[in-house]
There are 2 protein chains.
Amino acid sequence: MASVSRVLNGLPATEEMVERVQRAVEELGYVPDARARSLKVGRTFQLTLAVADVGNPVYVTMMRAVEEVVSAAGYRLVVTTTGPDVVDEVALVRGMARGYADGLVISPLRVDDDLIKSIRECDVPVVVAGNVPASAGVDTVRANSPKGMLLAVEHLLATGRKRIAFVNGPVDTVPGTARAKGFADAMKANGLRPVAEVEAVDFTFAAGRDAGVELLSGLDIGVRGSGAEARGGRPGAEARGGRLDAVIAANDLLAVGIMHELAARELVVPDDVAVIGMDDSELAEQCFPPLTSVNLGSAERGRRAAELLLARIDDDTRAPRRIVVQPTLSVRKSTP
Amino acid sequence: MASVSRVLNGLPATEEMVERVQRAVEELGYVPDARARSLKVGRTFQLTLAVADVGNPVYVTMMRAVEEVVSAAGYRLVVTTTGPDVVDEVALVRGMARGYADGLVISPLRVDDDLIKSIRECDVPVVVAGNVPASAGVDTVRANSPKGMLLAVEHLLATGRKRIAFVNGPVDTVPGTARAKGFADAMKANGLRPVAEVEAVDFTFAAGRDAGVELLSGLDIGVRGSGAEARGGRPGAEARGGRLDAVIAANDLLAVGIMHELAARELVVPDDVAVIGMDDSELAEQCFPPLTSVNLGSAERGRRAAELLLARIDDDTRAPRRIVVQPTLSVRKSTP
DNA sequence: GTGAAAGCGCTAACAT
DNA sequence: ATGTTAGCGCTTTCAC
C-alpha cells in the first residue's frame, strides 16, 4: 500500500491514516526493506570507509571523525578492510559499482594507475584520504608530510639533537614516498645528514621491531656500554661515526616497535635516544614513555573527507577539490 | 537479458554466448547491481560485525578472525560501531531487518531484555560474541572470564604477590559483571582479600588513567617513599593496611591507563607493582613494559562466532549453540 | 489525500 | 541453450 510508504516517509497524510499505519506497523513489526527501497530511489543512505589495516590506530581516529560527520547527515557508515595490496583496493572500488553504498572514502596505502582509473570511472562518488596526483582529477584530502617532517626535525634540533635516524615504511606506498622525501628535504634544509635510514616492510608494530633490530645492529650500538662507555662517553648509541641522538619513525606503530628494541638494548628513551612518531594516534598517548608525534590531522582529514563526499553526492558537477591539512607537533615525554 | 545473468553466474551456456557476453561486459563496464540481485535472491552475501568501540584493540583481533572465516566463505564483511549504549545496539539489531546483510555478529557491551528480544525476533541470523543467558536461546560464543581471573590471581600468587587490587570496567556491562564475579571467586578460592577495587567509567584508556588516580590516591600511596620507605620498607605501594603488590585490570586499555598513573607516581612496573591486563590484545605486546594479559581467546571467539553464523545461515532450524572458549595466560614483563 | 499501477535491475521459472 | 516473463519490495507517478 502506497500510503504506508507515505506515512513512513513523513509525506502529508491525514491524521487517521497516520495512526492506522502506525498501529499496523507496530503489530506486524514491519520494517521496510532497505534493498528494495534503494533499488527504487537509487540511494542506499550508506557510506563506506575503506582502510588498509584496522590494527593501525591512525584509522581509528579517522573512522571516528568520518562516522561523526556522516551519521549527522543521516547516513550509516560501514567500514571495510582492503589489506595492503593495491589490487584489493582496486577490486573494492570497482565493487562499489554494485551499489553497496552512495559513496566511498578510501585511504589507499598504495596507488597505481589502475586504482586512479577505477576511482575516476566509479559510478559512485569517491573521496581519497591520501595523496594522489592532481592530474587524477579526484577529490582528495591529504596530509602535509613534508611540513610534518620539518616540525619533527626542527623540534629535535631545538632540543639539542642532531644525529637523527629515520625509519620509514615501504617506499612503494604513498605515505612511504611522501615521508622519505619530506625527511630528506627537512634534513637538508637544516644542514643535517641522517645517521641511518631503514625501510620497514610495512607500517606495523612487528615491522617496527624488525626495523629497530636492523637500525641498531647496523649501527653496532646494540649493547649499552659496548664502546662509548669504555671510552668514558655516555653509555648509549654510539655509531662508527658518532652517537645516535634520535629516531624519527614514519608512523606511531613503527616508533613503538623501535622503542621496544631500544629498551631491549637497555637504551633509555629519551635519555639515550629520543623518538618521534607520526600520526599522533591514541597509541602515542598510550605508549610509554608517551610518544612525541607529528599530528598529521587524521581527525580533520577524516572530517573533511566525509564533508567532501557529502558535497560530491549532492552535486556531482563540482570541480574536484584537493584539500591539504596542516600538521602540528604533539610533544610528549619521548623528546622532552 | 537473462543469458547475461546466466553467463555471469556460471550457468551452462554455449561457448559463443559466453564470449559475446564477456565482450559486451568488457565494453560497457557492466557490473551487476547487488541491491537488485539481493532483492531477487533474498541474500546479500554480506555479513555485519558490530562492535562497541573501534578504538579497543580487542576488537581488532576479533575483526581479523571474523574477516578471515567470512571471506573464505565468499562473504563480504562490513563493520559497524554501536557505541556503548544498549539502545543503539538494539537499534542496530532491529535495523538488520532492513536486509543490509545476511547475518550479524555482535559483541554487545550491555545486554538487556530488549536486546535479547530484538535478537530473537531478528529476521536475519545473529550470533552474540559475548555472554547472554542460556534462556535467551541465541547462538553465543563467549569467554570464560572466571577461569581467566583464576589464571591471573594464581599467577600473581605463584610469583609471590598477594596484595592485589582490581580495576574493573562498569559493572553494568556484560564483561564488567563477569569479571567482578570472577575476581571475587578467584580471590576467595585462594584465601585472598582484595587490597582495593575500583570501577572505571568505561573500558577505555582514559578511564583507566582516572581509575589509576582513584586507586592510588585512595590508598594514599601516590608518592614513592611517602611511608614505606621511611619505615625501611621497599619504596612503593603502601596501603593503610599494607603494600600493594599487583593490579589486575579488566582489560588491556585499563591496564595501560593504570600503568601511566603508576609511572606518574614513580612506581615501577613490575618492581613496585605488577600489572595484569585482560584480552591479550596487540596493545599488551606494544605497551611498555610488555603487559602480562589473560588471553580470553578473542581470535578464536571471532572465528567460532563467524563459523556459527555461517552454519546458522545454512540451516536455521538447528538448536542454538553456546560455545565457551577457554582462556590462557600470556606472561610478559609486567609480572616476571 | 488516497488507491492503483508502473518500474527500479536482477534472477528463476517457463516456454521455445 | 536461449529468449520471454513474472516478481522480489519498495516509491512514485497518475488518476480519482
Side-chain angles (χ1 to χ4, degrees), chain A residues 1-48 74-76 94-104 121-125 313-314 316, chain B residues 1-48 74-76 94-104 121-125 313-314 316:
Chain A
M1 193 138 100
S3 296
V4 178
S5 171
R6 276 190 277 257
V7 170
L8 262 42
N9 292 350
L11 294 171
T14 177
E15 190 110 351
E16 188 222 331
M17 180 52 89
V18 172
E19 194 154 327
R20 201 146 64 96
V21 169
Q22 279 174 348
R23 200 170 36 242
V25 164
E26 191 81 12
E27 259 173 52
L28 305 179
Y30 169 80
V31 180
D33 186 305
R35 295 163 302 189
R37 178 172 212 278
S38 66
L39 181 59
K40 180 65 185 167
V41 300
R43 306 181 61 175
T44 62
F45 298 96
Q46 295 201 52
L47 263 26
T48 299
Y75 286 87
R76 244 173 78 99
R94 292 248 160 80
M96 291 307 290
R98 305 179 108 90
Y100 292 126
D102 298 339
L104 170 71
E121 294 175 352
C122 191
D123 301 36
V124 306
I313 289 171
D314 242 38
D316 198 23
Chain B
M1 190 137 105
S3 295
V4 177
S5 172
R6 276 190 277 257
V7 169
L8 263 43
N9 292 349
L11 294 171
T14 176
E15 191 107 351
E16 188 222 330
M17 181 50 94
V18 172
E19 193 153 327
R20 201 145 65 96
V21 169
Q22 278 174 349
R23 203 173 33 245
V25 165
E26 190 80 12
E27 258 172 54
L28 305 179
Y30 168 80
V31 180
D33 187 305
R35 296 163 302 192
R37 178 173 212 276
S38 67
L39 182 59
K40 178 65 187 170
V41 300
R43 306 181 61 177
T44 61
F45 297 96
Q46 294 201 55
L47 263 24
T48 299
Y75 286 86
R76 246 172 77 99
R94 291 246 161 80
M96 291 306 291
R98 294 175 178 260
Y100 292 125
D102 298 340
L104 170 70
E121 293 174 354
C122 191
D123 301 35
V124 306
I313 289 170
D314 241 39
D316 198 20

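Here is how names work: the chains are called A, B, and so on, in the same order as the sequence lines, proteins then strands, and each is numbered from 1.
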Mind checking what makes side-chain contact (heavy atoms from CB on, under 4.5 Å) contact with [X], not counting sequence neighbours?
| X | value |
| --- | --- |
| B:L47 | B:V70, B:Y75, B:L77, B:D102, B:L309, B:L310, B:I313 |
| A:V124 | A:M96, A:C122 |
| A:A34 | B:R98, B:Y100 |

Using a cut-off of under 3.5 Å, enumerate the N/O to N/O pairs linking the protein to nucleotides 14-16 of chain C.
none

From the set C:dG1, C:dC10, D:dT11, return the single nucleotide nearest to any side-chain atom of B:P32. C:dC10
Shortest non-hydrogen separation from B:A97 to B:D123 and the atoms involved: CB-OD1, 3.9 Å
Would you list the pairs meeting side chain to side chain donor-acceptor pair (under 3.5 Å) in which at least one residue belongs to residues 23-40 of chain B, sequence neighbours left out? B:D33-B:R35
Pairs involving residues 2-12 of chain A, ordered by first then second residue, that meet side chain to side chain donor-acceptor pair (under 3.5 Å) (sequence neighbours left out):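 Side chain to side chain donor-acceptor pair (under 3.5 Å) check on residues 2-12 of chain A returns no pairs.
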Is any side-chain N or O of A:S5 closer than 4.0 Å to OP1 or OP2 of D:dC10?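 For A:S5, the contact criterion (side-chain N or O under 4.0 Å from OP1 or OP2 of D:dC10) is not met.
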Between A:S3 and C:dT2, does any side-chain N or O lie under 4.0 Å from OP1 or OP2? no
Could you walk me through whether A:V25 and A:V7 pass the side chain to side chain contact (heavy atoms under 4.5 Å, CB included) test, one step at a time? CA-CA 11 Å; A:V25 164; A:V7 170; over 6 Å; no
Residue mapping more 5' on DNA chain C - nearest nucleotide basis, A:P12 or B:Y30: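 Nearest-nucleotide comparison on DNA chain C picks A:P12.
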For [X] and [N], what is the distance between atoms [atom1] and [atom2] respectively, to the nearest whole Å?
| X | N | atom1 | atom2 | result |
| --- | --- | --- | --- | --- |
| B:N9 | C:dA13 | CG | P | 13 Å |
| A:L11 | D:dT12 | CG | C1' | 10 Å |
| B:R35 | C:dC8 | CZ | C1' | 9 Å |
| B:D33 | C:dC8 | CG | P | 12 Å |
| A:L8 | D:dT11 | CG | P | 8 Å |

For B:D316, check salt bridge (Lys or Arg N to Asp or Glu O under 4.0 Å) against everything at least two apart and list the hits.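 Expected list: B:R312.
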Please work out if B:A13 contacts a base, only the sugar-phosphate, or nothing of the nucleic acid, heavy-atom cut-off 4.0 Å. sugar-phosphate
Base, sugar-phosphate alone, or nothing: which one does A:V31 contact when heavy atoms must sit under 4.0 Å apart? sugar-phosphate
Can you give the donor-acceptor pairs under 3.5 Å from side chains of residues 11-22 of chain A to other protein atoms, not counting sequence neighbours?
none

So which of residues 36-46 of chain B are in contact with DNA chain D, with a heavy-atom cut-off of under 4.0 Å?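 B:L39, B:K40 - these, ordered by number, are the residues of the stretch whose heavy atoms sit under 4.0 Å from the strand.
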Rounded to 10°, the helix from C:dG1-D:dC16 to C:dT16-D:dA1 deviates from straight, judged by its five-pair end axes, by 50°
